[in-house]
Amino acid sequence: MKIKAILFDYDDTLVQTRKVRYGTLKNLAKEKFQFELKDSHIDEAWGLPGDDFLRRVYGKYSEDLESLWEVYNSFCERDPNLTFPGVEDFLQKYNSHFHFGILSSSSGRRVLKEIEGFSFPKDSFFAIQTAEDTNVHKPNPKVFLPILEEAQKRKLDSSEILYVGDTIGDATASIGAGLKFLGMAHEDSSAELFQKENLEFVSSFLELERWIESLSF
């Protein structure tokens with residue numbers, strides 16, 4: 001298997017968004033709109049593109065979406081997102097071996113802002129594709145078209161690209177686009193889903209490093 005580039009999903013693959021943002025979303029609902037936001041309601045919206053996500057979560061309070069984004073971003077600043085253990089070390093160690101990229105359904109309003117606060121620089125990635133960069137979203141394989149155009153400028157074929165993500169939708173989209181896929185199962189529930197679908201996966205960035213080292217790249 002020849003891999004020249006690794007693309008990452010963002011939320012719950014590189015960063016601990018679910019763990020951090022459920023609290024942020026609930027605090028905003030309670031402090032700004034005076035209602036109790038339940039986990040089940042967030043669950044139903046999780047994975048939607050940024051604008052759609054906020055509309056689903058906050059309903060009637062999302063009519064002025066621009067204002068809601070401003071408030072949401074201010075609450076996010078109170079709760080900085082966290083990378084998973086080993087992310088920075090992995091990116092630094094293999095920066096000279098692979099082209100790195102990010103493809104996320106999250107809004108660039110959050111992703112690009114958060115990356116500024118991490119120890120790895122934004123230019124670690126040849127492309128960062130977010131919800132605003134395409135009209136289609138995972139699990140539709142066409143979601144990869146914009147970032148694959150960027151990859152082609154670097155003489156990268158889709159068969160030489162690995163996508164690392166935490167959901168079955170990530171697998172469906174990337175495999176359908178001709179990429180290789182590797183699951184990132186930070187949670188046992190994710191591991192069970194990948195096992196059920198007979199998809200190869202790792203459970204940490206340390207395991208990803210071992211997986212990479214087993215290849216002749």
Side-chain angles (χ1 to χ4, degrees), residues 5-25 27-28 32 42 45-58 61-84 87-88 90-91 95 98-154 156 161-167 169-170 173-174 177 179 184:
I6 303 176
L7 306 181
F8 296 97
D9 174 48
Y10 183 71
D11 295 315
D12 306 315
T13 296
L14 286 176
V15 294
Q16 304 180 49
T17 308
R18 186 182 292 269
K19 178 180 178 180
V20 174
R21 287 288 164 253
Y22 271 49
T24 306
L25 293 160
N27 288 337
L28 192 160
K32 183 69 176 179
I42 304 175
W46 201 256
L48 290 174
D51 288 354
D52 295 336
F53 174 76
L54 288 184
R55 289 192 184 101
R56 180 73 65 84
V57 169
Y58 292 108
Y61 302 109
S62 65
E63 291 179 0
D64 186 345
L65 193 59
E66 286 302 312
S67 294
L68 179 57
W69 267 113
E70 289 182 15
V71 173
Y72 178 58
N73 280 332
S74 69
F75 272 73
C76 288
E77 295 305 310
R78 292 171 19 179
D79 304 320
N81 210 340
L82 304 170
T83 56
F84 281 100
V87 169
E88 287 91 344
F90 181 89
L91 294 174
N95 190 47
F98 303 104
H99 298 273
F100 289 133
I102 291 174
L103 184 145
S104 173
S105 296
S106 286
S107 172
R109 306 187 201 212
R110 286 301 329 141
V111 175
L112 300 177
K113 181 69 173 176
E114 290 179 2
I115 287 176
E116 291 176 3
F118 297 138
S119 63
F120 52 82
K122 180 181 173 183
D123 60 11
S124 298
F125 307 97
F126 74 85
I128 299 175
Q129 181 182 317
T130 58
E132 292 83 358
D133 298 316
T134 176
N135 292 323
V136 297
H137 301 284
K138 296 178 286 189
N140 189 331
K142 291 181 180 179
V143 70
F144 280 90
L145 291 177
I147 203 166
L148 286 179
E149 287 184 9
E150 292 299 318
Q152 287 172 357
K153 294 176 184 177
R154 290 158 178 80
L156 295 168
I161 301 174
L162 174 72
Y163 188 62
V164 180
D166 68 300
T167 70
D170 292 332
S174 56
L179 282 67
M184 178 58 76

### Task
Classify the ring geometry between F100 and F90 as parallel (under 30°), tilted (30 to 60°) or perpendicular (over 60°).
tilted
### Task
Please work out which of the three classes, parallel, tilted or perpendicular, describes the rings of W69 and Y72, given edges at 30° and 60°.
perpendicular
### Task
Please test R18 against D11 for salt bridge (Lys or Arg N to Asp or Glu O under 4.0 Å), starting from the C-alpha separation and ending with a verdict.
CA-CA 7 Å; R18 186 182 292 269; D11 295 315; over 6 Å; no
### Summary
What one should report as the nearest heavy-atom pair of F84 and V15 is CE1-O, 3.2 Å
### Among L14, L162, D166, I128, side chain to side chain contact (heavy atoms under 4.5 Å, CB included) partner for F8
L14
### Summary
Rounded to the nearest 0.5 Å, the OG1 atom of T134 sits from the CD atom of Q129 at a distance of 6.0 Å
### Geometric cation-pi criterion, R78 with F75: 6.0 Å, 45°
yes
### Query
Hey, what do you get for CZ (R109) to CG (N73), rounding to the nearest 0.5 Å?
7.5 Å
### Message
What I'd like to find out is whether the side chain of I115 reaches to under 4.5 Å of the side chain of F120, using heavy atoms alone.
### Response
yes
### Message
Nearest 0.5 Å, please: how far is CG in N135 from CG in N140?
### Response
11.0 Å
### Message
Can you give me the closest heavy-atom contact between K32 and V71, atom names plus distance?
### Response
CE-CG2, 4.1 Å
### Query
When you measure from the side chain of Y58 to the backbone N and O of L25, does any donor-acceptor pair fall under 3.5 Å?
yes
### Message
Can you see whether N81 engages T17 through a side-chain donor-acceptor pair at a distance of less than 3.5 angstrom?
### Response
yes
### Smallest separation among heavy atoms of V20 and P80, with atom names
CG1-O, 3.8 Å
### Task
Hey, can you tell me if Y163 and F144 have their rings parallel, tilted or perpendicular (30° and 60° cut-offs)?
perpendicular
### Task
Calculate, to the nearest 0.5 Å, the distance between atoms CD and OG1 belonging to E114 and T83 respectively.
11.0 Å
### Message
Walk me through whether L148 and L179 qualify under side-chain contact (heavy atoms from CB on, under 4.5 Å).
### Response
CA-CA 10 Å; L148 286 179; L179 282 67; 4.0 Å; yes
### Task
Kindly give the heavy-atom pair with the smallest separation between S62 and L68, and that separation in Å.
CB-CD2, 3.6 Å
### Query
What's the verdict on side-chain contact (heavy atoms from CB on, under 4.5 Å) for D9 and K138, showing C-alpha distance, side-chain angles and the deciding distance?
CA-CA 11 Å; D9 174 48; K138 296 178 286 189; 3.0 Å; yes
### Message
Rounded to the nearest 0.5 Å, what separates atom OG in S106 from atom CG in L48?
### Response
10.5 Å
#### Entry: Closest heavy-atom pair and its distance - A131, H137
O-CE1, 3.5 Å
### Query
Run the salt bridge (Lys or Arg N to Asp or Glu O under 4.0 Å) check on R110 and E116 step by step: do they pass?
CA-CA 10 Å; R110 286 301 329 141; E116 291 176 3; over 6 Å; no
### Task
Just do the salt bridge (Lys or Arg N to Asp or Glu O under 4.0 Å) check on E149 and K153 with the steps written out, would you?
CA-CA 7 Å; E149 287 184 9; K153 294 176 184 177; over 6 Å; no
### Task
Can you see which heavy atom on T130 is nearest to which on S107, and at what distance?
CB-C, 4.0 Å
### Message
Test side-chain hydrogen bond (donor to acceptor under 3.5 Å, both in side chains) on T167 and D170; report intermediate values, then the result.
### Response
CA-CA 5 Å; T167 70; D170 292 332; 3.2 Å; yes
### Query
Going from CG on D79 to CG on N27, what distance comes out if it is rounded to the nearest 0.5 angstrom?
6.5 Å
### Message
Does V87 form a side-chain contact (heavy atoms from CB on, under 4.5 Å) with L91? I'd like the steps, not just the answer.
### Response
CA-CA 6 Å; V87 169; L91 294 174; 4.0 Å; yes
### Task
Run the numbers on I42 and R21 for side-chain contact (heavy atoms from CB on, under 4.5 Å), then give the verdict.
CA-CA 10 Å; I42 304 175; R21 287 288 164 253; over 6 Å; no
